[in-house]
Amino acid sequence: MTTVSLVRWLTLACYGLLILLLVLWYGVWSPSTLPVGLVLFFLLLPLMFPLFGMIRGKIYTHAWMTMLILFYFIHGVGEAWTTPEDRIYAFAEIILSMVIYIGSIAYVKLSKKNV
């Protein structure tokens, strides 16, 4: 397995784990006073746009994923700061978003070298 494919699969795994984390966090573990469907809609909808490009390994999608994932990093920091009972989920979101960010940058950089 090459470094490019390893970075790509690590990024994809964290991307899937972030989606799963958000569904479980707001749907099962800590339902908010807001309607769960509404919360999940606004949190998951932006993650659905790059789904097919991430799966297909498109360099352009990974490049703009670095900008999109910053929203989830900020969301995790905000939740960790304001909601102590959900802090563990927020830290998981922060870690996953950092791995996706770094992995997407590395994938773009390494893919450009191989072209």
Side-chain angles (χ1 to χ4, degrees):
M1 182 176 272
T2 65
T3 307
V4 176
S5 61
L6 181 66
V7 167
R8 178 174 174 258
W9 285 109
L10 178 66
T11 305
L12 272 176
C14 288
Y15 177 71
L17 286 173
L18 180 63
I19 292 171
L20 181 65
L21 172 72
L22 291 173
V23 168
L24 291 176
W25 180 4
Y26 287 102
V28 178
W29 296 328
S30 180
S32 65
T33 56
L34 297 170
V36 174
L38 186 66
V39 172
L40 288 176
F41 176 76
F42 283 111
L43 283 175
L44 294 179
L45 182 67
L47 284 176
M48 293 302 114
F49 290 121
L51 179 64
F52 293 114
M54 294 283 287
I55 291 172
R56 292 182 182 134
K58 303 278 186 176
I59 296 172
Y60 181 76
T61 305
H62 280 270
W64 67 263
M65 184 64 172
T66 60
M67 293 176 272
L68 174 68
I69 204 66
L70 291 178
F71 166 75
Y72 294 93
F73 177 79
I74 293 168
H75 177 260
V77 169
E79 286 290 329
W81 184 266
T82 60
T83 316
E85 61 271 4
D86 290 343
R87 196 163 282 160
I88 188 74
Y89 311 130
F91 284 141
E93 183 179 18
I94 292 167
I95 290 168
L96 288 172
S97 62
M98 286 184 351
V99 171
I100 294 169
Y101 181 80
I102 293 167
S104 292
I105 289 174
Y107 178 72
V108 169
K109 185 174 181 176
L110 293 172
S111 294
K112 292 286 187 180
K113 285 183 179 180
N114 292 336
V115 173

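- Remark: L110 CG to S5 OG distance equals 10.5 Å, nearest 0.5 Å.
- Residues passing the side-chain hydrogen bond (donor to acceptor under 3.5 Å, both in side chains) test with T66, sequence neighbours excluded: none.
- Annotation: side chain to side chain donor-acceptor pair (under 3.5 Å) contacts involving residues 9-24, sequence neighbours excluded, are absent.
- The environment of I88 atom CD1 is sparse: at most 12 non-hydrogen atoms of other residues, nucleotides or ligands sit within 6.0 angstrom.
- Hydrophobic clustering (side-chain heavy atoms under 4.5 Å, transitive across Ile, Leu, Val, Met, Phe, Trp, Tyr) keeps W81 apart from Y26.
- Closest approach of V7 to G103, counting heavy atoms only: CG1-O, 3.2 Å.
- Separating the CZ atom in F73 from the CG atom in L96 is a distance of 12.5 Å, to the nearest 0.5 Å.
- The distance from atom CG of L10 to atom CG of L6, rounded to the nearest 0.5 Å, is 6.5 Å.
- Rounding to the nearest 0.5 angstrom, the gap separating the CG atom in L44 from the CG atom in L18 is 8.5 Å.
- Taking hydrophobic clusters as Ile, Leu, Val, Met, Phe, Trp and Tyr residues chained together by side-chain heavy-atom distances below 4.5 Å, V28 shares a cluster with Y89.
- Neither I94 nor I100 shares a network with the other; the hydrophobic side chains, linked directly or stepwise wherever heavy atoms of I, L, V, M, F, W or Y lie under 4.5 Å apart, form separate groups for each.
- Using a 4.5 Å cut-off between side-chain heavy atoms of Ile, Leu, Val, Met, Phe, Trp and Tyr, with links allowed through other members, F91 and I69 fall into different hydrophobic clusters.
- Closest approach of A80 and A90 over heavy atoms only: N-CB, 3.5 Å.
- Scanning all heavy atoms of the two residues, the minimum distance from V108 to A63 falls at CG2-N, 3.7 Å.
- Counting heavy atoms from C-beta on, the side chains of F71 and I74 never come closer than 4.5 Å.
- Linking ILVMFWY residues whenever their side-chain heavy atoms come closer than 4.5 Å, directly or via other members, leaves F52 and F49 in distinct clusters.
- Between L21 and E93, the shortest heavy-atom contact is CD2-N, 3.6 Å.
- In this structure the side chain of L47 reaches within 4.5 angstrom of the side chain of M65, judged on heavy atoms.
- From Y101, atom OH reaches atom CE of M67 across 9.5 Å, with rounding to the nearest 0.5 Å.
- Residue M98 holds its CE atom at 12.0 Å from CG of L70, rounded to the nearest 0.5 Å.
- A pairwise comparison of heavy atoms in V4 and S111 identifies CG1-OG, 3.7 Å as the closest pair.
- Taking the side-chain hydrogen bond (donor to acceptor under 3.5 Å, both in side chains) definition, one finds that T3 meets it with nothing, sequence neighbours left out.
- Looking at every heavy atom in both residues, P50 comes nearest to L68 through CG-CD2, 3.9 Å.
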